[in-house]
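Everything below concerns the one structure shown next.
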Protein chains: 2
Amino acid sequence: MATLANQIENYIKEQLAASKAGSFDIKRSALAEIFMCAPSQINYVLETRFSTSQGYCVESKRGGGGYIRITRLLVNPNNDLHYLVEEAEGKHVSQQIGEGLIDRLVEEEFLTKREGMLLKGLLSHETLRPTLHIQLPQGYELLIDYDLLRGRLLKSMLVTLLREDFE
Amino acid sequence: MATLANQIENYIKEQLAASKAGSFDIKRSALAEIFMCAPSQINYVLETRFSTSQGYCVESKRGGGGYIRITRLLVNPNNDLHYLVEEAEGKHVSQQIGEGLIDRLVEEEFLTKREGMLLKGLLSHETLRPTLHIQLPQGYELLIDYDLLRGRLLKSMLVTLLREDFE
DNA sequence: AGTATAAAGGTCAAAGATGGTCAAAAGGTT
DNA sequence: AACCTTTTGACCATCTTTGACCTTTATACT
């Protein structure tokens, strides 16, 4: 799937990989011009693929001489996993965000690739989606909050990672 | 008989046979166009001929750049994971039974000890607890079926273990 | 210094592009 | 006729792309 968003994502990741400091500045308008798209497309890519939970920090400045700075964050086991647990508490997590977090933990070697695959399977809509159909009176609807459940599953995963006896 | 469904089934199996990784991506709309049929016909074929119990795993993504991915599962008559997948299908699994199954998979070395710990955390009542948002009229009560959810999670785990691309 | 203007970047909602679901219609079998 | 499988279509959910409008910042001009 070579969507525009994916191409831009790859481009940014390449630049990031090539940079010594794990950080990279660029003008939003320049990026938009390279890919011949609307500038707001860049924001879409940053929101969906470079969020904090996915391990990136995005800063920017407007006005003349404005720019976007993307920084790759490294997970610090002692502080960040705890922070992520807090974050996951009661959080709504979409499938996309959940997979992003898992990919990050795999990249940082907190999880093996196998573990990542197992966990991503568990977080999928296909797995979570319910089969039960309950008869309710007219006008009432049954809503299952998959995103909340996903948040709980992720939290459990993080908590296990933090266990002292986890090797 | 050469029903449309059979032709589509054959086509997919050919593509799968030709693929090195045992996996194959295609656009639902593209497939529907090749066979000049309603897109939902593709889903019918996937449901009736590429289910988990038939040895396949189907994933998909909607929206721009969407696709369907079909992955073959391992067929190894020496292990009984397939049997367990059948078992887990639509099954109610208590926390105790679920943990027992995971322990067994760890003992038989289908899962590492780490993986077992991660998965047991996910199956706990604590994790699965309230995930429903419901508006019910007075006098109606709803009991949440954790055991069914656990069955789904276990099934997903088993299917991942069987994926040909699982390393 | 104060203000106007230009040069960025940000937001949000609508439109476009896919795939999913479900039930009804159509075709075969028994 | 009754039942099962296949095919279709209307409607839904999710991801992407675009564009109109908004905010912030630097600089040039009073």
Side-chain angles (χ1 to χ4, degrees), chain A residues 1-12 24-51 54 57-70 92-100 123-135 141-147 150, chain B residues 1-12 24-51 54 57-70:
Chain A
M1 354 106 227
T3 62
L4 226 191
N6 286 338
Q7 290 174 254
I8 299 174
E9 174 188 359
N10 290 149
Y11 178 85
I12 294 176
F24 160 58
D25 284 19
I26 196 172
K27 278 199 186 308
R28 183 180 79 151
S29 55
L31 247 188
E33 216 163 290
I34 292 175
F35 291 96
M36 295 184 291
C37 64
S40 54
Q41 173 76 342
I42 307 303
N43 297 77
Y44 174 71
V45 173
L46 294 173
E47 278 159 30
T48 56
R49 286 124 159 106
F50 295 89
S51 67
Q54 286 163 317
C57 167
V58 176
E59 302 160 280
S60 64
K61 201 179 143 201
R62 308 187 190 192
Y67 61 87
I68 288 174
R69 171 172 303 153
I70 301 143
H92 286 65
V93 179
S94 70
Q95 185 169 346
Q96 200 181 41
I97 294 293
E99 292 188 355
L123 292 188
S124 74
H125 178 71
E126 176 66 19
T127 299
L128 267 28
R129 108 175 222 278
T131 15
L132 63 170
H133 291 280
I134 298 167
Q135 197 60 40
E141 211 185 339
L142 176 59
L143 297 174
I144 297 194
D145 197 330
Y146 306 119
D147 289 358
R150 230 176 249 118
Chain B
M1 275 165 302
T3 63
L4 225 192
N6 287 336
Q7 290 174 255
I8 299 175
E9 174 188 359
N10 291 148
Y11 178 85
I12 294 176
F24 160 59
D25 283 19
I26 196 173
K27 278 197 187 308
R28 183 180 78 151
S29 55
L31 208 41
E33 215 164 289
I34 293 175
F35 291 97
M36 294 183 291
C37 62
S40 54
Q41 173 76 344
I42 307 303
N43 297 76
Y44 174 71
V45 174
L46 294 174
E47 279 158 30
T48 56
R49 285 127 161 108
F50 294 89
S51 68
Q54 286 162 313
C57 169
V58 177
E59 301 160 284
S60 64
K61 196 178 153 207
R62 308 186 189 190
Y67 61 87
I68 288 175
R69 171 172 305 152
I70 301 143

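Quick note on labels: first sequence line is chain A, next is B, and so on, each numbered from 1.
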In the structure I gave you, are the side-chain heavy atoms of A:Phe35 and A:Gln7 within less than 4.5 Å of one another anywhere? yes
Counting just side-chain N and O atoms, does A:Gln96 come under 4.0 Å of either OP1 or OP2 of D:dT16? yes
Would you say A:Glu99 and A:Leu123 make side-chain contact, with heavy atoms under 4.5 Å? no
What's the closest nucleotide to the side chain of B:Ser29 if the choices are D:dT7, D:dT16, C:dT18? C:dT18
Is there a side-chain contact between A:Lys27 and the phosphate of C:dA8, meaning an N or O under 4.0 Å from OP1 or OP2? yes
Between D:dT7 and B:Tyr44, is there an OP1 or OP2 to side-chain N/O distance shorter than 4.0 Å? no
Taken to the nearest whole Å, CE/B:Met1 to P/D:dT5 is 11 Å
Roughly, in whole Å, what's the span from NE2 in A:His125 to P in C:dG19? 16 Å
From CD (A:Glu126) to CD (A:Gln95), nearest 0.5 Å: 10.0 Å
To the nearest Å, how far apart are A:Asn6 CG and D:dT16 C1'? 10 Å
Less than 4.5 Å apart, any side-chain heavy atom of B:Arg49 and any of B:Asn6? yes
Could you state the CD-P distance from B:Glu33 to C:dT18, rounded to the nearest angstrom? 11 Å
When you check the phosphate oxygens OP1 and OP2 of D:dT7, does a side-chain N or O of B:Gln41 lie under 4.0 Å from one of them? yes
So what does B:Gly66 hit on the nucleic acid, given a heavy-atom distance under 4.0 Å: a base, only sugar-phosphate, or nothing? sugar-phosphate
Which part of the nucleic acid, if any, lies within contact of A:Arg49, taking any heavy atom under 4.0 Å across all strands shown: a base, the sugar-phosphate backbone alone, or nothing? sugar-phosphate
Under 4.0 Å: is that the gap between some side-chain N or O of A:Lys61 and OP1 or OP2 of D:dA26? yes
Rounded to whole Å, please give me the gap between CG in B:Leu31 and C1' in C:dT18. 14 Å
Counting only side-chain nitrogens and oxygens, does B:Ser60 get under 4.0 Å of the OP1 or OP2 atom of C:dG20? yes
With a non-hydrogen cut-off below 4.0 angstrom, is B:Ile42 in contact with a base, only sugar-phosphate, or nothing? nothing
Residue pair A:Asn43 / A:Arg28, side-chain heavy-atom distance below 4.5 Å: yes
Of the candidate nucleotides C:dG9, D:dG9, C:dT18, which contains the atom at the shortest distance from the side chain of A:Arg62? C:dG9
Take the protein atom CG of A:Leu46 and the nucleotide atom P of D:dC15, then report the distance between them rounded to whole Å. 18 Å
Could you please name the option among D:dT6, D:dT18, C:dG19 that lies closest to any side-chain atom of B:Ile68? C:dG19
Which comes earlier along DNA chain C counting from the 5' end, the contact point of B:Gly65 or that of B:Glu47, where each point is its nearest nucleotide? B:Gly65
In whole angstrom, what separates A:Asn43's CG from D:dT23's P? 16 Å
Touch class at under 4.0 angstrom, heavy-atom based, for B:Gly64 against every strand present: base
B:Ile12 and side chain to side chain contact (heavy atoms under 4.5 Å, CB included): which single residue from B:Ile26, B:Leu46, B:Ile68 fits? B:Leu46
Whole-Å distance between D:dT16 P and A:Met36 CE? 20 Å
Among C:dT11, D:dT6, C:dG20, the one nearest A:Ser40 by side-chain distance: C:dT11
